[in-house]
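Chain letters run A, B, ... following the sequence lines, proteins first and then strands; every chain starts at 1. As a basis for the values below, the full set of heavy atoms in this structure was taken, side chains included, without hydrogen atoms, waters or symmetry mates. In this text, all values refer to a predicted model and were calculated from it rather than measured experimentally.
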Amino acid sequence: MASMTTTTPMTAGAAPPGTGQAPANPVLADLVVDWFGAHARDLPWRHPEAGPWGVLVSEIMLQQTPVHRVLPVWETWLRRWPTPAGLAAEPSGEAVREWGRLGYPRRALRLHQAAGAIVERHGGAVPDQLDDLLALPGVGTYTARAVAAFAFRQRHAVIDVNVRRFVARAVEGTAAGPTAVSRRDLELVADLLPADPETAARASAAFMELGALVCVARAPRCPACPVQEHCGWLAAGSPPSDAPARRPQGYAGTDRQVRGRLLAVLRDATGPVEQELLDQVWDEPVQRGRALAGLLADGLVVRCAPGVYALPT
DNA sequence: TATCCGTGGTA
DNA sequence: TTACCAAGGAT
């Protein structure tokens, strides 16, 4: 909703009457931004030269994927396709191949589709409006806001798992559960953002970085946290989450594992592959067939001829 | 809203 | 070793 992106900046640290919460402390952002200045990682997509396209590519790649695995793929990707038009001009299968083992390869397909949409609808330039970004394939609430903030230096609440955890702890004094980002989360974070857009964009990056490096999920490094004296969760004795744990993810033996193996064969092949070769990656024929059918349905694989498969060309 | 969608690092 | 975790999105 556009209205929350323009939420008026902080009313000077006054607690909402009667809520019993800690005041939305405007000092919080300052502290975290200062910390960011001293401890931020030097990531290539944070350099101005990366441009909006570099930022968009990084955000898609970073979805559910650690930074250290994204770095090399991002470098080669941007070298090969420095513009959306370059990517859009190639077959989607090339995007899937270059994606390598980043995981969730449908992201590669959607990034390829997004590049096409950027060329068609925006003259080849990554759009700077939230609604236009959101309309791109593979771009959801988080990614649209991240690109608008980090590439175009706009003031938006950018909430990923790191920010959610940080705000739950520091502001709400609780452990974040596994639930989706809520309207309340958006309001809480919007209230933390400084009024100046550039500073707000920097604060958004800073919150994420703090969550990624200090306010981490398993063993937070509170002694190293710039906000420790203002943290409701620490003050409350670091209580565990009262929310039910999410169902274990599981991987071994799932369709996802089979899909991954099938796609790996096709990615590593230079051309079309015989069914026989694919059959070797998994013994159980029913699950194998289901996995292949899923890849075909998703457009990650095409059938060139009976019993012959390849990445889309 | 719950489930599906990869892969690899870490404790 | 198992289980958790990682800059989410689509359906």
Side-chain angles (χ1 to χ4, degrees), chain A residues 36 40-41 43-46 50 54-74 96 99-111 113-114 133-151 156-166 175-182 185 189 201 204-213 215-220 240-241 243-267 281 290-291 293-295 297-301:
Chain A
F36 186 68
R41 292 167 292 181
L43 302 173
W45 45 83
R46 287 180 179 160
V55 172
L56 175 60
V57 171
S58 79
E59 290 302 338
I60 301 282
M61 289 184 173
L62 285 163
Q63 291 167 4
Q64 302 287 285
T65 310
V67 165
H68 74 272
R69 289 179 52 206
V70 167
L71 279 169
V73 184
W74 185 87
V96 173
W99 197 255
R101 306 188 65 81
L102 270 188
Y104 294 137
R106 291 189 293 194
R107 291 183 292 168
L109 231 38
R110 299 206 172 108
L111 184 50
Q113 292 164 359
L133 287 164
L134 211 42
L136 298 174
V139 176
T141 304
Y142 162 76
T143 303
R145 288 164 171 272
V147 172
F150 302 149
H156 298 290
V158 180
I159 308 182
D160 70 337
V161 65
N162 293 306
V163 176
R164 223 172 72 74
R165 185 174 54 243
F166 166 69
T179 55
V181 172
S182 66
D185 291 325
V189 174
S204 292
F207 291 146
M208 289 178 60
E209 190 78 337
L210 188 69
L213 298 182
C215 194
V216 295
R218 242 179 275 191
S241 172
R246 67 164 166 270
R247 209 179 110 245
Q249 199 174 38
Y251 181 63
T254 62
D255 286 5
R256 291 152 88 169
Q257 184 180 25
V258 184
R259 286 167 57 109
R261 288 192 182 183
L262 290 169
L263 200 58
V265 171
L266 293 162
R267 218 169 36 223
V281 307
R290 188 170 64 230
L295 290 171
D298 286 345
L300 284 163
V301 175

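- Atom-to-atom, OH of A/Y104 to P of C/dA7 comes out at 13 Å; the value is rounded to the nearest Å.
- Separating the CD atom of A/Q64 from the P atom of C/dA10 is a distance of 13 Å, rounded to the nearest angstrom.
- Within the nucleic acid shown, A/W74 has no heavy atom closer than 4.0 Å to any nucleic acid atom.
- Residues A/L210 and A/V163 fail the side-chain proximity criterion, which asks for heavy atoms closer than 4.5 Å.
- What separates CG of A/D255 from C1' of B/dT3 is a distance of 13 Å, to the nearest Å.
- Between the side chains of A/R145 and A/S204, no donor N or O sits under 3.5 Å from an acceptor N or O.
- Where A/R218 and A/L136 meet DNA chain C, the nucleotide closest to each residue was compared, and A/R218 sits on the side nearer the 5' end.
- Rounded to whole Å, the P atom of C/dC4 lies 16 Å from the corresponding atom of B/dT3.
- Where A/A217 and A/R110 meet DNA chain C, the nucleotide closest to each residue was compared, and A/A217 sits on the side nearer the 5' end.
- With a 4.5 Å cut-off on side-chain heavy atoms, A/R106 and A/W99 do not count as touching.
- One interatomic measurement links the two molecules: OH of A/Y142 to C1' of C/dG8, which rounds to 9 Å at whole-angstrom precision.
- A donor N or O paired with an acceptor N or O is found under 3.5 Å between the base of B/dT7 and the side-chain atoms of A/R69.
- Residue-level contact check: A/R41 touches the bases, meaning some heavy atom is under 4.0 Å from a base atom.
- Nucleotides C/dA7 and B/dC5 place their P atoms 22 Å apart, quoted to the nearest Å.
- Taking atom P on both nucleotides, C/dT1 is separated from B/dG6 by 25 Å, rounded to a whole Å.
- Residue A/L263 is out of contact with every strand shown, counting any heavy-atom pair closer than 4.0 Å.
- For A/A206, the side chain to side chain contact (heavy atoms under 4.5 Å, CB included) criterion is met by A/V32, A/V33, A/F36, not counting sequence neighbours.
- The side-chain hydrogen bond (donor to acceptor under 3.5 Å, both in side chains) pairs that include a residue from residues 135-144 of chain A are A/E59-A/Y142, A/Q63-A/T143, where partners are two or more places apart or lie in different chains.
- Between the CG atom of A/L213 and the P atom of C/dC5 there is a distance of 17 Å, rounded to whole Å.
- The distance from atom CD of A/Q257 to atom P of B/dT7 is 9 Å, rounded to the nearest whole Å.
- Counting distance only, with no hydrogens placed and no angle test, the side-chain atoms of A/T65 and the base atoms of B/dG6 include a donor-acceptor pair under 3.5 Å.
- C/dA10 atom P lies 8 Å from atom CD1 of A/I60, rounded to whole Å.
- For A/R106 and B/dC4, the CZ to C1' distance is 7 Å, given to the nearest whole Å.
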